[in-house]
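Quick note on labels: first sequence line is chain A, next is B, and so on, each numbered from 1.
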Amino acid sequence: MQNIEDLLKGLNEPQREAVTHVNGPLMIVAGAGSGKTKVLTTRIAWLMGKHNVDAFNILALTFTNKAAAEMKERIGRMLGSNEARNLYVGTFHSVFARILRSEAEKIGYPRSFTIYDTDDSRSVLKTVINELNLDDKHYKPNVVHNRISAAKNALVGPAEYATDYYLQQEDARTNRPAIGMIYKAYAARCFKNGAMDFDDLLLKMYELLSTIPEVLHKYQHKFKYILIDEYQDTNPVQYQISKLLAAVHENICVVGDDAQSIYSFRGATIENILQFQKDYDDVKVVKLEQNYRSSQSILNVANEVIKNNKGQIPKVLWTDNKEGEKIKLVRTMTDNDEGKFVADSIQEQRLRNHYRNADFAILYRTNAQSRAFEESLRKMGIPYRIYGGISFYQRKEIKDFLAYLRVIVNTKDEEALKRIINYPVRGIGKTTIEKTVIYANENNISMFDALEQAPAFGIKGGTLEVIQNFITMIKYFRSLLQNNDAYSVAQQIGKHTGIVKELFNDKTTEGLARYENIQELLNSIKEWTESPANEEGEVGDKGLGAYLQQITLLTDADDDKENADVVKLMTIHAAKGLEFGCVFVGGIEETLFPSAMSINTREELEEERRLFYVAVTRAKERLFLTYANSRYRFGNLVQNEPSRFLDELPESFLDRTFAGGGARNSSGLNNMGSAFQRMHRGMGPAPERKSEGSKPSYMPVAPKQQTINHIPSPDFAPSDTSGLQPGQKVEHQKFGFGEVIKIEGSAHNPVATVKFEHNGEKKIMLNYAKLRIVE
DNA sequence: GCCCATGCTGTTTTT
DNA sequence: CAGCATGGGC
């Protein structure tokens, strides 16, 4: 670039202040659409171009990988050099994964540790819960996982968990006193597997920095300048890590907007941004209050809504943009009608206002809502893309294939090993796996090592041979690692295991799709291997280990087919940081938005309101808010009241009369008869909501006549039932207490008939059911 | 040890 | 509704 000062052109005063502030802590309070990405990128370019700061000395933490890539690109363009490539820019998770990869051995992990995604974590938890002889119906893996995750994000390790009075009380109250024990076992198992879960990437990074002074010293001096985006969504671990890293130079710049804090369920605490000024001396505070994104009308609505939250950093968002159209508020009969309305309106808006498909976004609170929209868009032939939901990498065939790669890189990864040991089917069944795991646990060795000693626990004959072949194969793959890139290893695996051939021969529709997915995976590995610059992993490392590390942290927002002209569908959470010409926000109904899960405390409700604020402020020119009278939930139609947030919008900002685009003649709507017309005709103000105490409409009116759930006694342990006699009293995990009526069936498969206090007579197969003999 | 049928449960939000 | 775990049959 010719003149570095040119960077400052086109910045407003506060933006310029933020960019040119060089040393010392800086907090940028950036309202929605106030150009904070521009400020961040310009600031980095300024540091490098004006103050000769080396790219290696700058750490920038963003919210998505995509944002990181974009940032690098923009800085590169500003500077007109390749220097930006050396910046440490990425999400907390990916940057720390990269650092941990080179330092892992210092805290006892292999360099090539595996990263467990949520599914892996749940699966390990399930194993551990069963090994502890606990019931996974009561200790549901995802409930336990949430609990453990929250603990990790709050820097509470297994030992602290077990002694924390409050946590123990809470677990006792929900009758899950063993969570602490499970946490401990889970952490131990992950460690044994050489694996870290998502939360560990933060927690272990903290551990690394706080326990090994040389490492702390190294990174404190390396990262002379630290920038953190979306600071309002950081959690306590992230907070502590950034504090440690910034402690020497104190050149820490955080950017955030308390009004857009929407990740408290992930442990984020708004305190971090509210407290920043107390954490450092002489904090420079810059407020970006001019919005460049949205029309006046849209901003008015946003401001009105957020006004209802208490305790914010005071700021006034304003804009020079023109007033624009009023916000359209539309009610439909059902969620399907809502879908039709939106698809019709997109069609209409596209013609009338010359939008491209890519100018539209459909936003919603829950992923499940995407379906109705998707159907309507497909019927009308409007191209779209859904973000979120089940990602490519979560598909079974992809996970199976990746499990091979994982085992080869890290044979201790038991989770992955279990997936592939009998895939493709090679005759290693449940019994053999169980024996292997038991042997491995008893001897404290990995499952893979246990397989090598199969004769020691009674495996012989054909099974032994199959196991030995399997081991030989895996070892062969491992031997390829050193001198081959990720793609050639993956290719070999596809060939030698027979997976590719097997899927190729499967001519069913699903089989075909699976085959194509595997091909796509192989292609993407090839692409990654051949791409010159890789953002993650050490530069030039094209090995399988580096590949796997980044793949787990990819979200599908990241691998955007950037220029595709398609309508985008996503949750509001996923839309954070994005903007669109014309935005539809669907399902603005009580129990959905705000979610029924989040109306119990003021804090929860305020977060929902911030989410609504985020949704509204994604729009540049036009905003549609829609809600349905009733929608399908779990297969049945339920009624919903309009969201309370709608009541907070002043009538004068709204247009309730909007008759959607092609709705007049579009199929389906006509036979809706007057319903569609009714919904547009003189709607007047939103109907009064029922009194606060009224039941959420999704709740069944009468409880279904089914099993009355029994909560097992705390000391519940299955008894030996081999000598069970009629007349004895027993406790069943689910059916509760009862009396044995008779015993029948064969000697090795006895069946007891038990009359339960609350659940009537049941036939119980004693070989399988867990019964506790009471007397 | 494997395969199919049935029944149960889950829907906040994500790295 | 739909995906998945469980369980019963072979």
**Q** Base, sugar-phosphate or nothing for A:Lys576? Non-hydrogen atoms, less than 4.0 Å.
**A** nothing
**Q** Nearest whole angstrom, please: distance from the P of B:dG10 to the CD of A:Gln369.
**A** 20 Å
**Q** For A:Tyr632, report the nucleic acid contact type (base, sugar-phosphate, nothing); a contact means any heavy atom under 4.0 Å.
**A** nothing
**Q** Where each residue is assigned the nucleotide of DNA chain B containing its nearest heavy atom, which of A:Lys140 and A:Leu611 is assigned the position nearer the 5′ end?
**A** A:Lys140
**Q** Cation-pi check for A:Tyr88 against A:Arg98: NZ or CZ below 6.0 Å from the six-membered ring centre and within 45 degrees of the axis, yes or no?
**A** yes
**Q** For a quick check of understanding: with a heavy-atom distance under 4.0 Å over all strands, which category does A:Arg371 fall into, base, sugar-phosphate or nothing?
**A** sugar-phosphate
**Q** Write down the distance between NE2 (A:His138) and P (B:dT9), rounded to a whole number of angstrom.
**A** 14 Å
**Q** Between C:dA5 atom P and A:Asp135 atom CG, what is the distance in whole Å?
**A** 15 Å
**Q** From C-beta outward on A:Arg633, which listed nucleotide comes closest to its side chain: B:dT15, B:dT11, B:dG10?
**A** B:dT11
**Q** Whole-Å distance between B:dT13 P and A:Tyr364 OH?
**A** 10 Å
**Q** Mind calculating the distance between NZ (A:Lys396) and P (C:dC4) to the nearest angstrom?
**A** 10 Å
**Q** From the options C:dT6, B:dT15, B:dT14, select the nucleotide whose nearest atom is closest to the side chain of A:His573.
**A** B:dT14
**Q** If you go through the side-chain atoms of A:Arg266, does one of them form a donor-acceptor pair with the base of B:dT15 closer than 3.5 Å?
**A** no
**Q** Using every non-hydrogen atom in the two residues, find where A:Ile428 and A:Ile433 come nearest and quote the distance to one decimal.
**A** O-CD1, 4.1 Å
**Q** Determine: side-chain N/O of A:Thr431 to OP1/OP2 of B:dG1, distance under 4.0 Å, yes or no.
**A** yes
**Q** Starting the side chain at C-beta, find the nucleotide from B:dT12, B:dT14, B:dT11 nearest to A:Met597.
**A** B:dT12
**Q** Classify the angle between the aromatic ring planes of A:Phe593 and A:Phe645 as parallel (below 30°), tilted (30 to 60°) or perpendicular (above 60°).
**A** perpendicular
**Q** For A:Ile428 and A:Ser598, take the nucleotide of DNA chain B holding the closest heavy atom to each; which residue's nucleotide lies nearer the 5' end?
**A** A:Ile428
**Q** Using the six-membered ring for Trp and the full ring for Phe, Tyr or His, decide whether A:Phe265 stacks on the six-membered base ring of B:dT14 (centres under 5.5 Å, planes under 30°).
**A** no
**Q** Which nucleotide in the list B:dT12, B:dT15, B:dG10 gets nearest to the side chain of A:Glu608?
**A** B:dT12
**Q** What's the closest nucleotide to the side chain of A:Val425 if the choices are C:dC1, B:dT12, B:dC2?
**A** B:dC2
**Q** Hey, does the side chain of A:Asn367 come within less than 4.0 Å of B:dT14's phosphate (OP1/OP2), counting only N and O?
**A** yes
**Q** Restricting to non-hydrogen atoms, name the atom on A:Gln260 and the atom on A:Gln232 that form the minimum distance, rounded to 0.1 Å.
**A** O-NE2, 3.6 Å
**Q** Over all heavy atoms of both residues, which pair between A:Met333 and A:Asp337 is shortest? Give the atoms and the distance, please.
**A** CB-OD2, 3.2 Å
**Q** Kindly say if A:Asn142 contacts the phosphate of B:dG10, meaning a side-chain N or O under 4.0 Å from OP1 or OP2.
**A** no
**Q** ring-ring contact (aromatic ring centres under 6.0 Å, His included) for A:Tyr263 and A:Phe63? Distances and angles first, verdict last.
**A** CA-CA 11 Å; A:Tyr263 278 95; A:Phe63 208 69; 5.1 Å; yes
**Q** Find the distance A:Asn235:CG to B:dT14:C1' and express it as a whole number of Å.
**A** 12 Å
**Q** Look at the side-chain N and O atoms of A:Thr432 and state whether any lies under 4.0 Å from the OP1 or OP2 oxygen of B:dG1.
**A** yes
**Q** Calculate the interatomic distance between A:Gln394 atom CD and C:dG3 atom C1'; express it in whole Å.
**A** 14 Å
**Q** Under 4.0 Å from OP1 or OP2 of B:dC2: is there any side-chain N or O of A:Lys430 that close?
**A** no
**Q** May I have the distance from A:Lys126 (atom NZ) to C:dT6 (atom P), rounded to whole angstrom?
**A** 5 Å
**Q** Can you find a side chain N or O atom of A:Thr571 that sits less than 4.0 Å from OP1 or OP2 on B:dT12?
**A** no
